[in-house]
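A short worksheet on the structure shown next.
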Amino acid sequence: MQTFALLVFLTLSTTIGANAMDPQGLITLPSQNDPGTTMRKLQDAVKAKGMTIFAHIDHAAGAADVGMTLRPTDLLIFGSPKGGTPLMQAAQSIGIDLPLKVLVWQDAEGRTWLSYNDPSWLAQRHGGAAGAEGAMQAMTGALKAIAGTATSAE
């Protein structure tokens, strides 16, 4: 577990900052809210875009269930077949990375962050999105808007 935490820290430390994206396609944004508010705003923004929330995974609660502690770390899994299907038609293996996932987490200094995979990076990872560029651009725009709403001040 410590190795995983170190790997996550090293990966995220290269992506911290407004609209930062590392070479592995992870976009990390600072939030103006606490983790709970950021997650609530994220869920509201996803629903407002007409997307389906498939799961909300509270990693800190999972850690507590086994007697361990973890700063707030919540994953929201959501999407829309209308957006994801064209990408899977172009590159079926992208299904391993869909539906979309957004992580809301708190660092050791108490700052709240929101991280997600850039859809264009996902398309590259799976050999491109030939014929699905419009769907990828729409997904990118939707994620950017959702993330902006979730991280903006109340």
Side-chain angles (χ1 to χ4, degrees), residues 4 8 11-65 70-107 110-154:
F4 176 75
V8 169
T11 300
L12 294 175
S13 67
T14 64
T15 65
I16 303 304
N19 233 4
M21 184 174 82
D22 77 355
Q24 299 304 311
L26 186 68
I27 295 174
T28 297
L29 305 168
S31 178
Q32 301 301 311
N33 307 296
D34 61 70
T37 301
T38 302
M39 179 54 72
R40 180 186 50 75
K41 290 178 71 173
L42 175 63
Q43 291 172 322
D44 291 346
V46 165
K47 291 174 187 173
K49 287 284 186 190
M51 295 183 182
T52 301
I53 295 175
F54 298 110
H56 174 200
I57 301 167
D58 183 341
H59 290 297
D65 286 347
L70 181 66
R71 288 183 303 274
T73 309
D74 287 312
L75 182 69
L76 192 68
I77 301 172
F78 62 93
S80 167
K82 186 176 180 181
T85 300
L87 292 173
M88 286 187 274
Q89 288 171 330
Q92 201 164 3
S93 63
I94 203 169
I96 192 76
D97 289 313
L98 295 177
L100 299 170
K101 297 161 199 70
V102 173
L103 184 71
V104 174
W105 55 282
Q106 187 176 60
D107 68 18
R111 293 176 300 215
T112 302
W113 302 92
L114 183 144
S115 299
Y116 65 92
N117 288 315
D118 183 341
S120 63
W121 179 82
L122 292 176
Q124 274 185 318
R125 178 179 181 207
H126 295 279
E133 292 85 2
M136 186 187 63
Q137 289 174 353
M139 188 179 289
T140 298
L143 270 173
K144 185 175 181 179
I146 289 167
T149 297
T151 58
S152 65
E154 284 275 33

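Quick caveat: nothing in here was measured; it's all calculated off a predicted structure. Reckoned from all heavy atoms, side chains included, excluding hydrogens, waters and symmetry mates.
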- [ ] Mind listing the closest non-hydrogen atom pair of Pro119 and Met139 along with its distance?
- [x] CG-CG, 3.9 Å
Task: Shortest non-hydrogen contact from Gly25 toward Trp121 - done: CA-CG, 3.4 Å
Task: Nearest heavy-atom neighbours spanning Leu26 and Ser115 - done: CD1-CB, 3.9 Å
Task: Spacing of NZ belonging to Lys144 relative to OH belonging to Tyr116, to within rounding of 0.5 Å - done: 7.5 Å
- [ ] Check whether any side-chain heavy atom of Trp113 lies under 4.5 Å from a side-chain heavy atom of Asp107, and answer yes or no.
- [x] yes
Open item on the list: If I compare all heavy atoms of Ala142 with all of Met51, which pair ends up nearest, and what's the gap?
Closed with: CB-CE, 3.8 Å
Considering only distance and modelled atom types, tabulate donor-acceptor pairs under 3.5 Å from the side chains of residues 39-48, sequence neighbours left out.
unit_1	atom_1	unit_2	atom_2	d
Arg40	NH2	Glu154	OE2	2.4
Lys41	NZ	Thr149	O	3.2
Lys41	NZ	Ser152	O	2.5
Lys41	NZ	Ser152	OG	3.2

Open item on the list: Has Asp118 got a side-chain atom pairing as donor or acceptor with Ile27's backbone, closer than 3.5 angstrom?
Closed with: no
Task: From CA spacing to verdict: side chain to side chain contact (heavy atoms under 4.5 Å, CB included), Leu114, Val102 - done: CA-CA 7 Å; Leu114 183 144; Val102 173; 3.5 Å; yes
- [ ] Determine whether Thr112 and Val104 make a side-chain contact, defined as any pair of heavy atoms from C-beta on separated by less than 4.5 Å.
- [x] yes
Open item on the list: Restricting to side chain to side chain donor-acceptor pair (under 3.5 Å), what partner residues turn up for Ser31, sequence neighbours left out?
Closed with: Thr38
Open item on the list: Which heavy atom of Leu70 sits nearest to which heavy atom of Ala60, and what is that distance?
Closed with: O-CB, 3.4 Å
Task: Gap separating the OG1 atom of Thr73 from the CD1 atom of Ile57, nearest 0.5 angstrom - done: 12.0 Å
- [ ] Side-chain contact test, heavy atoms from C-beta onward, threshold under 4.5 Å: evaluate it for Arg71 versus Trp105 and give yes or no.
- [x] no
Show me the donor-acceptor pairs, under 3.5 Å and distance only, between side chains in residues 75-95 and residues at least two apart or in other chains.
unit_1	atom_1	unit_2	atom_2	d
Ser80	OG	Lys82	N	3.3
Thr85	OG1	Pro81	O	2.7
Ser93	OG	His126	ND1	2.7

TODO: Mind checking the NZ-CG spacing from Lys49 to Leu143? Nearest 0.5 Å is all I need.
DONE: 10.0 Å
